[in-house]
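Since the structure comes first, as structure tokens, the remarks are kept for the end.
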Amino acid sequence: MMLFGFAIIFITVIMMLAILVKATDSVRKWKLRSGSLLQNSKSFGYKQELVRDMGGFSNFAVSFSIISILTGAVSYYGYGFSNGGPAMMGIGWPLVTFFVLLVAAAMAELTSAIPTSGAIYHWAAILGGPTWGWFTGWLNVIGQVTIVAGIDYGCATFAASLLFTNPSKPVFLLTYAVILGSHAILNHVGINIVSKLNSISAIYHVIGVFLIIGVLAVLGPQHSGTYLFHTFSTTTSQSLPYWGAFMIGLLQAQWTLTGYDASAHTSEETLNPKIQAPWGVYLSVAISGIFGFLLLSLVTVSIKDPTAVANAGNNAFIVAIEQAAGSRLGSAMVWLVTIAMWFCGCSSLTSSSRMVYAFSRDGGLPFSKTWKKVSHHFHTPATAIWLIAVLAFLFGTSDGVYAAIGTMSVIGLYGSYLIPIALKLRARILHVWTKKEDGPWSLGNWSIAVSAVACGWIVFLILLMIFSPTDVQLTSNLVLHYATGKIFVVVLIALVIDFMVYAKRRFKGPKLGSYAALNKQLTAKRDTLRTPLRPSADAEGRKDK
């Protein structure tokens, strides 16, 4: 296991650097060829309603804050440790980082080529038509709302435990509502405040990680570095061997490394978005992967009682920190983490509201006229912001819902990532998407391989989340076993019915602007492939080639 772990870490670092060098070279060559890199969203047929005032660091900070290793890696630490033990940190985290970097690179290419607030939803519509766009938009909205719920639920769990002794459910829900309300108010007031908070958040996360690492390093680890490859689990049984528990535990890393599409969703508010936004997508994952590994490694080797940590559930990280640093210093470090979660939730609501706004302005949601409204005073999608805050609160009212929220957000977001990446992969293979469609940030001849592996990982990941054992307490006597899979099936059936009854006839998709020609080209190619070829048609096809 130790050699396997070292190999995974080495390969991940090499691949991370290789993509960085490749993309940097692509941007450099683009600058030499192109005069102006500035891109206006009006070329896609939309009026510029959002204020374009976000710099490159702020754009990166949005995704970095949403990934928030001090939120996901910490909130789901117990979930990962109880399933995979130390090996979840030493092997599981680098393994997930490797594949997520490929997904992020594929998405960064699309962000550079098509920088709009609709992002994933626009990409799918341009590459596959309004049907693919509609399903992508809905999956992304589901993922966006549930990730806001998951982040602020975790923040409320930590905050309530710090503020109150044995907090009751009403007290917890009040804490949860206050946190969501504070994020909604700040996002409503304006992008300038949120942008500054995102920049502060990015710096805070870096400082916070180094503070925790510094404290634990001074106090002294309890184990050597080889402990990170130790296979320990409290959930294995005859029906669930260690490898099965380990794969389920990957949710810890996968849920953390999610939401980096935020840099794409805020591209209409970013200066020079064709370059700044894709770097925000990719670097947020790369830097989070590095810092997350350092943090989790030191926390794990500092554990004194592994069984107590594994059995602590959502409070596993708190138990691990208090074992290493004592209750007083441990509480101070947990406060540091809780504040980071608050920052993360604020950034997540920013990204989510932009997606709802973009989807609504094309009529993709019920009551779209309401959700697409922009505040005349603050120039923010105010109604979309409050819609997400209310829905996120409702999702968090059931007991035992935390794991289900996490897995649903992964399915929703990564399902929406899959569609445009797969459609672009098809377009490249068919030679419909060529170099002239690429943006400055491009992987060139690596693009097909990177996109293919990214699609394979997402399919595996979604199946894993669907079949993961999550239980939700609906009533005092009714527990929904394997809740994620059942909820997802119900949601998917509802979406199909809604599409067939309403959206298929009325939803026209987003405005395509300068990409209308590419969309027609892709549609014509797809229709040609669907039509059985007669001898004459086949001969004509060979002649065209």
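Atoms considered below: every heavy atom in the structure, side chains included; atoms not considered: hydrogens, waters and symmetry mates.
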Nearest 0.5 Å, please: how far is CD1 in Ile458 from CG in Leu463? 12.0 Å
CG on Leu102 to CE on Met107, rounded to 0.5 Å: 13.0 Å
Do Phe98 and Ile8 have side chains that get closer than 4.5 Å, going by heavy atoms? no
Nearest 0.5 angstrom please: Ile290 CD1 to Trp93 CH2, how far? 11.5 Å
So SG of Cys346 and CG of Leu186: to nearest 0.5 Å the spacing works out to 5.0 Å
Could you state the interatomic distance from CD (Gln144) to CG (Leu413), rounded to the nearest 0.5 Å? 5.5 Å
Is it the case that atom CZ in Phe467 sees more than 12 heavy atoms from other parts of the structure closer than 6.0 Å? no
With sequence neighbours excluded, tell me which residues meet side-chain contact (heavy atoms from CB on, under 4.5 Å) with Ala277. Asn59, Thr111, Ser267
Under the 3.5 angstrom rule, does the side chain of Ser302 hit a backbone N or O of Leu298 as a donor-acceptor pair? yes
List in chain and number order the residues that pass side chain to side chain donor-acceptor pair (under 3.5 Å) with Tyr414, two or more places apart in sequence or in another chain; answer none if no residue qualifies. Gln254, Tyr260
Over all heavy atoms of both residues, which pair between Phe317 and Val299 is shortest? Give the atoms and the distance, please. CE1-CG2, 3.8 Å
Are Asp25 and Lys22 close enough for a salt bridge, meaning some N to O gap below 4.0 Å? no
Heavy-atom donor-acceptor pair, Ser353 side chain to Thr350 backbone, under 3.5 Å: yes
For the OH atom on Tyr242, are there more than 12 heavy atoms of other groups (residues, nucleotides or ligands in this structure) within a distance under 6.0 Å? yes
side-chain contact (heavy atoms from CB on, under 4.5 Å) involving Ser161 - partner list, sequence neighbours excluded: Asn315
Non-neighbouring partners of Gln323 that pass side-chain contact (heavy atoms from CB on, under 4.5 Å), sequence neighbours left out: Ile303, Lys304, Asp305, Ala308, Val309, Val319
Check: Asn83/Gln252 side-chain N/O donor and acceptor closer than 3.5 Å: no
Any idea how Phe460 and Trp457 line up, ring-wise: parallel (<30°), tilted (30 to 60°), or perpendicular (>60°)? tilted
Without swapping roles, check the side chain of Ser351 against the backbone of Ser347 for a donor-acceptor pair under 3.5 Å. no
Can you check whether Ser263's main-chain N or O pairs, donor with acceptor, with Ser63's side chain at less than 3.5 Å? yes
Please list, chain by chain and in numerical order, all residues satisfying ring pair (Phe, Tyr, Trp, His ring centres under 6.0 Å) with Phe210, sequence neighbours excluded. Phe291
Please state whether the rings of Tyr79 and Tyr76 are parallel, tilted or perpendicular, taking 30° and 60° as the class boundaries. perpendicular
Angle class for the Phe378/His188 ring planes (parallel below 30°, perpendicular above 60°, tilted otherwise)? perpendicular
What is the ring orientation for Trp441 with Trp279, classed by angle as parallel under 30°, tilted 30 to 60°, or perpendicular over 60°? perpendicular
Test your reading of the model: is there a side-chain donor-acceptor pair from Thr300 to the backbone of Pro86, 3.5 Å cut-off? no
Could you list all the salt bridge (charged side-chain N to carboxylate O under 4.0 Å, His left out) pairs where at least one residue sits in residues 166-183, not counting sequence neighbours? Lys169-Asp399
To the nearest 0.5 Å, atom OG of Ser58 lies from atom CZ of Phe64 at 14.0 Å
What is the minimum heavy-atom distance between Phe393 and Leu173, and which atoms define it? CE1-O, 3.5 Å
Is there a donor-acceptor pair closer than 3.5 Å between any side-chain N or O of Ser201 and the backbone N or O of Phe343? no
For the residue pair Val74 and Phe158, establish whether any side-chain heavy-atom pair is separated by less than 4.5 Å. yes
Least distance between heavy atoms, Ile385 atom then Ala184 atom: CG2-O, 3.6 Å
Can you confirm whether Trp243 is buried at CH2, in the sense that more than 12 heavy atoms of other residues, nucleotides or ligands lie under 6.0 Å from that atom? no
